[in-house]
Amino acid sequence: MAVSFQQIEEKLKTEARRLLESGEVSLVLAWGKGYDEKHPMPYVAKCPSDADGIVFNEYCTHNPARYLVRYPRGTKIAVAVKAADSRAVVQLIQEDKVKRRDLVILGIPVYGIKNPKTGELIDGKTTCGLYNPVLYDVLIGEEVHGQPVSSPYAVLAEYEAMDRDARFAFWKKELDRCIRCYACRKACPMCYCDPCFIDQRKPRWGEKSPEPAGNLMYHLTRFHHLAGRCIDCGECSRACPVDIPLYLFHKKVAKDCEEMFGQAAGMSIEDKPVLVNFRMEDSDKILE
Amino acid sequence: MSRIGVFVCHCGLNIAKTVRVSELAQFASTLPDVVVAKDYKFMCSTPGQEMIANDIREHRLDRVIVTACSPLMHEQTFRKVLAASGLNQYLLTIVNIREQVSWVTHDLDEGTAKAKALLNGAVSRSRLLMPLTSRVIDVNPDVMVLGGGIAGIQAALELANTGRKVYLVEKNSTIGGHMAQFDKTFPTLDCSACILTPKMDSVLQHKNIQLMTSCEVSEVKGFVGNFDITIRQKARYVDHNKCNACLACTEKCPGKSVSEWDEGLVKRKAIYIPFPQAVPQKPVIDREACTFFKKGKCRLCEKVCEQKAIDFGEQDTFSTVKVGAVIVATGYDLMDTRDLIQYGYGKYPGVYNALEVERLFNSAGPTSGKVTLRDGSEPKAIAILHCIGSRDKNSHEHCSRVCCMYSLKFAHLFKEKTSADVYQFYIDIRAAGKGYEEFYNRIIEEDVKFIRGKVARVAKSVDEPDRLIVEAEDTITGKFIKLPVDMVVLSPAMIPRSNAKDVARLFNLSTDKQGFFMERHPKLAPLSTMSEGVFIAGVCQSPKDIPDTVAQANGAAAEALTIVVKDKLELEATTVMVNPASCCACQNCVRVCPYGAPFFNEPKGVSEINEALCKGCGLCASVCPSSAIIARHFTNEQVLAEMEGLMEF
Ligand SMILES: Cc1cc2nc3c(=O)[nH]c(=O)nc-3n(C[C@H](O)[C@H](O)[C@H](O)COP(=O)(O)OP(=O)(O)OC[C@H]3O[C@@H](n4cnc5c(N)ncnc54)[C@H](O)[C@@H]3O)c2cc1C
Ligand code: SF4
Ligand code: SF4
Ligand code: SF4
Ligand code: SF4
């Protein structure tokens, strides 16, 4: 069964128009036209006629959930989401950043999204690899049947084979290249802190301009802040102009978290944010 | 610019043996802003304290660092010295070079180097300390006692006699605890009921005690001086205000269940009082056993009750009480010896555990005090096995402390009530209490046979199928023994209540390796806990006999009183606040705080702290991603400065 991007786009437009016309929501977060077909952009439709500007094609990689927290609490929002994007919505609900009742989730089952930079298929290697949204109100299209073939953590095999020193050397080399454009942070739906710790001056946690020690401080802390929260959309890594494989680190932490606490980020709104939730039966492995 | 004084304590040789103390003082004097640095044998002594006070005046110190033992020991001592010298008490820093340095190494060089690093960190932080003002709060004068065993009863009575209002919360339908199950108590062999029931009755009659049976604590909020405790009153299905204890209902009831009170040796009714002297002496319905609840038909009790006290529609209810202090006295369980299959408990009818035997001796027990086996016959030979599951690396390492003594008591009672031969299988007899050794000697005289050796196995006799064989090595003669007996009595390990973990979580108590509640200090604060205003007494703290339990209960009552006699209480100033400009509204703080202090201010879109609830534990600060939480006395700047100081080494 082939996914028809055209059909999804049409259906998105129709739903968006309907929701805006009825006043059910005051805005719809989706994708719109960019400077060419390969570069669609995040898009906000605020009135029924804006719905025509919605675009959906194989390059719609962005995670619209990123923009949910921009609007005042209580704003009624419809948000178009692919599988991983829907997990971000779930995680934000868990963290009480948005309320379930304020959202209309337009879930898009899809596979075949491509990285505009490389043209490669986006799959479980750089994202969670799921096909279907985990939570939605309106399903745009039909559920994609079947399961992703490989685990989202399979890509870690090579990395996990390295010893401690090799891992450190690996990340040192990667992170030394960071130019501190903060695109990763801007793209991430879970990076909503304002100000981000790295921008604070009292205390100054690390150097703001690109240099090895500050880069390490920024990234290690960011990885840590996303532990148990990263929903594996892979947007950070795709946003990175120098192609640092941030997803590897995030996946490793997510895997550890899942193994220790039996919970993956953003899978159910019944879950509580795992690292700030205490359960008697929690594993003590984290202390080792 | 600060003017810091550093005072290095030798703690006799405790510190001086692995830290070169004068070198440390010399090193301190080279650090920036340190204007005076001295070492002294015992800094906490009066001359030590005077030395600090003099130096504060003479050198116009504005920060003091005492390099000594844990702040748990003497922080208060030295804070008072500062306060008396006109310095804000929060300008004191304690560097723990005893527990953290001298006691964890034998190496003088290593010890000295670590002490220097810690001190260097402390000097860096000390400069940034700010004067703080302690908070003063009102204290609720009432006390809650949790658990109505002898410990809880004693504590409640003591407190009530001082005029305090006491809530005595007991999960069972009667108070009394384990002591109410016994017939006689060692070493005096006085009748347990005779000394306990008058106390139980006093509890019921006392105008200052509100007895809350069939109750459990479901939530604890607040803190020392001001606890808000939610109590769940379990449905009893009998209105105790109407019931006049005629007990006509218990006679008619067809429902049956095993009697917990008689350790399962007999049955009881579905509507029942556990034993004749129960307090309150009013029945409750056991839902699981009640024919009406099981089959929808019966209601016999309702028919015979002239008071119309039976109410099948009763639900659990919740109420909140406010108290200033809490005493936890939740007691113990005996370990389930079925797990130790070598002793055959649960398999051979002739094997009993100690509490079952207590019931056999008891004239109000299942056999009216006659010692008979399950088939009604009288045993001719009885073996009492000590240390079952206690002092055993494979099960519980601790000594249960009372088993030697009650085993001797059992021997005496067996001798009194039967003509059986009685054998004690022991590792060694621990009879360290007042009158205990004398009691032991008395039992030896009574022709009880003592075999030193831990029993390896209890098996069924091949020749006489009704009898049991006890196998052990007599470690005195070195001989292997196979002794035929009719009755085997196990003395199982005393272990924490199965609900101890829940209680610990509710009241923020720590537990020790065995799971007993941990005291604040094993010697100097044995009844206090890390949770201020919460005290422990009785076996919930560790195995002990009744005299020790009662002594602890009185002590805990006195400790609780020291809190509730005051109408105001000074609390640590070390609380936290939120800088709203940095808060990103993640609400991590709200989720992790064990005391419910942070809350989300929805209109402002930021979290705030209810400072009255904050204990200054710092958890929130550590999970705040945008460092919006400022922990007074442990600000990010202060902690980072300390770390930088540490890392210079
Ligand atoms: C077989 C045997 C014989 C003994 N004989 C003697 C003897 O002869 N002489 C002697 O000095 N000592 C004897 N002891 C020791 C004695 O039993 C204890 O020292 C004493 O009973 C301890 O009292 P307690 O109040 O601490 O605990 P407990 O008697 O266990 O009472 C605890 C009470 O707390 C209640 N409770 C528990 N959890 C909760 C909760 N979460 N909420 C509300 N209530 C709760 C329980 O229902 C119980 O009523 C003997 C012990 C055993 C095992
Ligand atoms: S860290 Fe990267 S992969 Fe994870 S949620 Fe943020 S953007 Fe997505
Ligand atoms: S996007 Fe890449 S270069 Fe930019 S800050 Fe993140 S890791 Fe560094
Ligand atoms: S943890 Fe920090 S950022 Fe998050 S809500 Fe609390 S104060 Fe605000
Ligand atoms: S320091 Fe934070 S977590 Fe700890 S009690 Fe205070 S508010 Fe709660």
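Order of the sequence lines fixes the chain letters, A, B, ..., with proteins taken first and strands second; residue numbering starts at 1 for each chain.
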With a 4.5 Å heavy-atom cut-off, do [X] and [Y] have their side chains touching?
X	Y	result
B:Ser627	A:Trp205	yes
B:Asn636	A:Pro203	yes
B:Arg591	A:Asp96	yes
A:Arg204	B:Glu637	no

Open item on the list: Heavy-atom cut-off 4.5 Å, strictly under: side chain, backbone, both or neither for A:Glu95 against chain B?
Closed with: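 Contact with chain B involves both backbone and side-chain atoms of A:Glu95.
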
Task: Side chain / backbone / both / neither for A:Cys193 at chain B, heavy atoms under 4.5 Å - done: both

Open item on the list: Is it true that, when you exclude A:Lys99 itself, more than 12 heavy atoms of the residues, nucleotides or ligands shown sit nearer than 6.0 Å to its NZ?
Closed with: yes

Open item on the list: Does atom CZ (A:Arg279) have a neighbourhood of more than 12 heavy atoms from anything else shown, all under 6.0 Å?
Closed with: yes

Which pair of heavy atoms, one from [X] and one from [Y], lies closest together, and at what distance?
X	Y	answer
A:Pro195	B:Ser626	O-CB, 3.6 Å
B:Cys586	A:Tyr192	CB-OH, 3.5 Å
B:Cys584	A:Lys97	O-NZ, 2.7 Å

Open item on the list: Can you tell me which of B:Ala581, B:Cys624, B:Ser582 forms the most heavy-atom pairs within a distance under 4.5 Å of chain A?
Closed with: B:Ser582

Open item on the list: Distance check, rounded to the nearest 0.5 Å: A:Lys202 atom NZ versus B:Asn579 atom CG?
Closed with: 9.5 Å

Open item on the list: Check whether A:Arg73 reaches the backbone of B:Pro603 with its side chain - one donor and one acceptor, N or O, closer than 3.5 Å.
Closed with: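 No: the side chain of A:Arg73 does not pair with the backbone of B:Pro603.
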
